[in-house]
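Below is one structure; the comments refer to it alone.
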Amino acid sequence: MKPFSFTIERGKIREFAMAIGDRNPIYYDVDIARKEGYRDIPIPPTFPTAIEMWGGLDFETLIELFGLDPLKVLHGGQEYRYMGELCAGDTVTAAPKLISSFEKRNLRFITIGIHYKNIDGNDVLYSESTIIERGRTQK
């Protein structure tokens, strides 16, 4: 999997917050965010999924990369570990890596880990997701 970079934009944060129904004003107004102690508008807790989709590890890429049947794919789990603040204007570099891939009981499990670094090279986030493909045949 190829590394990718992504610059976090205020508009994308706003769109994401609206899509998930989060009305917290820190996601919409930079002055309020700064009054709350942030450098700029912070990302909502699950925003890294959007970074992955817009940054280069979208659903179509995963389907092609792992030879998955898109009609049989489920999202099996997601975990985020924050090691630093991420705000609008920050550029992150993501390094995706296959953690595991195995089959069990007619299911295929694929786990991907992504380490994110900020422009200074500091670790700011780790994301780990599991994809499940139903209907695999036992070998």
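Model, not experiment: these values are computed from the prediction.
Residue pairs meeting the side-chain hydrogen bond (donor to acceptor under 3.5 Å, both in side chains) criterion with at least one member in residues 15-31: none, sequence neighbours excluded. Residue pairs meeting the side-chain hydrogen bond (donor to acceptor under 3.5 Å, both in side chains) criterion with at least one partner in residues 78-95, sequence neighbours excluded, are Ser5-Thr93, Thr7-Thr91, Arg39-Glu85, Arg39-Asp90, Thr49-Tyr80, His75-Gln78, Gln78-Ser127, Glu79-Arg81. Among pairs with a residue in residues 53-66, those fulfilling side-chain hydrogen bond (donor to acceptor under 3.5 Å, both in side chains) read Asp58-Thr61, at least two apart in sequence or across chains.
Considering only heavy atoms from C-beta on, Leu86 stays 4.5 Å or farther from Phe47 through its side chain. Side-chain contact between Asp40 and Arg34 is present, with heavy atoms from C-beta onward closer than 4.5 Å. Residues Phe66 and Leu98 form a side-chain contact, since some pair of their non-hydrogen atoms from C-beta on lies under 4.5 Å apart. Ile13 places a side-chain heavy atom less than 4.5 Å from the side chain of Pro44.
Between atom NZ of residue Lys2 and atom CG of residue Leu57 there is a gap of 11.5 Å, rounded to the nearest 0.5 Å.
Shortest non-hydrogen contact noted between Met83 and Leu125 is CE-C, 3.3 Å. Phe16 and Ala50 make their closest contact through CD1-CB, 3.9 Å (heavy atoms, listed as atom of the first residue, atom of the second, distance). Of all heavy-atom pairs spanning Ile32 and Pro25, the tightest one is CD1-CB, 3.7 Å. Residues Gly67 and Glu133 share a closest heavy-atom pair of O-OE2, 4.4 Å. When all heavy atoms of Tyr126 and Gly113 are compared, the closest pair comes out as OH-CA, 3.4 Å.
Taking the side chain to side chain contact (heavy atoms under 4.5 Å, CB included) definition, one finds that Pro3 meets it with nothing, sequence neighbours left out. Partners of Phe6 by ring pair (Phe, Tyr, Trp, His ring centres under 6.0 Å), not counting sequence neighbours: none found.
No path of Ile, Leu, Val, Met, Phe, Trp and Tyr side chains, each step under 4.5 Å between heavy atoms, connects Ile63 with Leu71, placing them in separate hydrophobic clusters. If you chain together hydrophobic residues whose side chains sit under 4.5 Å apart, Ile20 and Met53 never meet in one group. Placement of Val92 and Tyr38 within a single hydrophobic cluster is found when ILVMFWY residues are connected by side-chain heavy-atom separations under 4.5 Å, directly or transitively.
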Passes side-chain contact (heavy atoms from CB on, under 4.5 Å), Ile110 versus Leu68? Steps please. CA-CA 10 Å; Ile110 299 168; Leu68 301 168; 3.8 Å; yes
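By the neighbour-count criterion of 12 heavy atoms within 6.0 Å, atom CZ of Phe109 is densely surrounded, having more than that number from other residues, nucleotides or ligands. Atom CE of Met18 sits in a sparse spot, with 12 or fewer heavy atoms from other residues, nucleotides or ligands closer than 6.0 Å.
Under the 3.5 Å distance criterion, the side-chain polar atoms of Glu128 are left unmatched by any main-chain donor or acceptor of Thr111.
Partner of Ile112 under the side chain to side chain contact (heavy atoms under 4.5 Å, CB included) criterion, chosen from Leu62, Leu65, Thr130: Leu62.
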Please tabulate, for side-chain N and O atoms in residues 114-122, each donor-acceptor pair with protein atoms closer than 3.5 Å (sequence neighbours left out).
from	atom 1	to	atom 2	distance (Å)
Tyr116	OH	Glu52	OE2	3.1
Lys117	NZ	Asp123	OD1	2.7
Asn118	OD1	Asp120	N	3.0
Asn118	OD1	Gly121	N	3.1
Asn118	OD1	Asn122	N	2.9

